[in-house]
Amino acid sequence: QVQLVESGGGLVQAGDSLRLSCAASGRTSGHSAIAWFRQAPGKERTFVACISKNDGRTYYADSVKGRSTISRDNANNTISLQITTLKPEDAAVYFCAATLTHSRFTYQFKRSYEYWGQGTQVFVSS
């Protein structure tokens with residue numbers, strides 16, 4: 001089992017930056033990749049970013065590419081997501097997810113992840 005706890009959400013202004021953290025515990029040696037997804041009210045949960053544990057390769061959704069960075073601190077089992085130049089459409093609940101079997105072909109799908117955190121809410125004021 002892998003437990004994930006997100007933090008760092010809150011109210012930010014459009015144009016500002018935000019840094020979210022995901023603390024992993026439990027069998028953290030087992031997961032092969034961790035991703036961030038987000039879900040706005042009334043919408044589907046969508047992929048934001050992913051980082052592979054083995055080679056550190058990163059993947060981003062087009063909506064945040066170029067203004068976001070996912071990073072990891074293996075020593076502290078923490079994965080961070082920084083998003084700059086925030087837009088109102090970035091407002092959502094952000095979820096951290098872990099998978100035991102990372103694939104570069106399926107990392108963007110919710111079904112690829114076995115473990116999920118409870119989420120952290122991000123509000124963006126315009």
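Any value given below was found using the heavy atoms of this structure, including those in side chains, with hydrogens, waters and symmetry copies removed. Residues: numbered from 1 along the sequence shown.
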Kindly give the heavy-atom pair with the smallest separation between [X] and [Y], and that separation in Å.
{"X": "A91", "Y": "A40", "answer": "O-CB, 3.8 Å"}
{"X": "A33", "Y": "Y113", "answer": "O-CE2, 4.5 Å"}
{"X": "S17", "Y": "V12", "answer": "O-CG1, 4.5 Å"}
{"X": "I34", "Y": "A98", "answer": "CG1-CB, 3.9 Å"}
{"X": "S52", "Y": "D55", "answer": "OG-OD1, 3.0 Å"}
{"X": "C96", "Y": "L4", "answer": "O-CD1, 3.6 Å"}

Establish whether [X] and [Y] are linked, either directly or via other cluster members, by ILVMFWY side-chain heavy-atom contacts under 4.5 Å.
{"X": "L86", "Y": "F47", "result": "no"}
{"X": "I70", "Y": "V48", "result": "yes"}
{"X": "V122", "Y": "W36", "result": "yes"}

Ignoring hydrogens and angles, tell me if any N or O in the side chain of [X] forms a donor-acceptor pair with the backbone of [Y] under 3.5 Å.
{"X": "Q39", "Y": "V93", "result": "no"}
{"X": "T69", "Y": "Q82", "result": "no"}
{"X": "N76", "Y": "T78", "result": "no"}

Exercise for the section: Start with the C-alpha distance between Y94 and E6, add both sets of side-chain angles, then the distance that settles side chain to side chain contact (heavy atoms under 4.5 Å, CB included), and finish with yes or no. Expected result: CA-CA 8 Å; Y94 283 72; E6 303 94 337; over 6 Å; no
Completion exercise
Hits for side chain to side chain contact (heavy atoms under 4.5 Å, CB included) against K87, two or more places apart or cross-chain, chain-then-number order -> R67, E89, D90
Practice task
Scan residues 54-87 for pairs that pass ring-ring contact (aromatic ring centres under 6.0 Å, His included), counting only residues two or more places apart or in two chains.
Solution key: Y59-H102, Y59-Y107
Exercise for the section: Examine R38 relative to F95 and say whether NZ or CZ is less than 6.0 Å from the centre of the six-membered ring and inside a 45° cone about the ring axis. Expected result: no
To the nearest 0.5 Å, tell me how far [X] [atom1] sits from [Y] [atom2].
{"X": "I83", "Y": "S63", "atom1": "CD1", "atom2": "OG", "value": "8.0 Å"}
{"X": "N74", "Y": "K53", "atom1": "CG", "atom2": "NZ", "value": "6.5 Å"}
{"X": "R19", "Y": "S7", "atom1": "CZ", "atom2": "OG", "value": "10.5 Å"}
{"X": "S32", "Y": "N54", "atom1": "OG", "atom2": "CG", "value": "7.0 Å"}
{"X": "L20", "Y": "L81", "atom1": "CG", "atom2": "CG", "value": "5.5 Å"}
{"X": "I51", "Y": "S80", "atom1": "CD1", "atom2": "OG", "value": "9.5 Å"}

Test side chain to side chain donor-acceptor pair (under 3.5 Å) applied to [X] - qualifying residues, sequence neighbours left out:
{"X": "T58", "answer": "none"}
{"X": "K65", "answer": "D62"}
{"X": "R104", "answer": "none"}

Exercise for the section: Just grab all the side chain to side chain donor-acceptor pair (under 3.5 Å) pairs involving residues 114-125, residues at least two apart or on different chains. Expected result: T99-E114
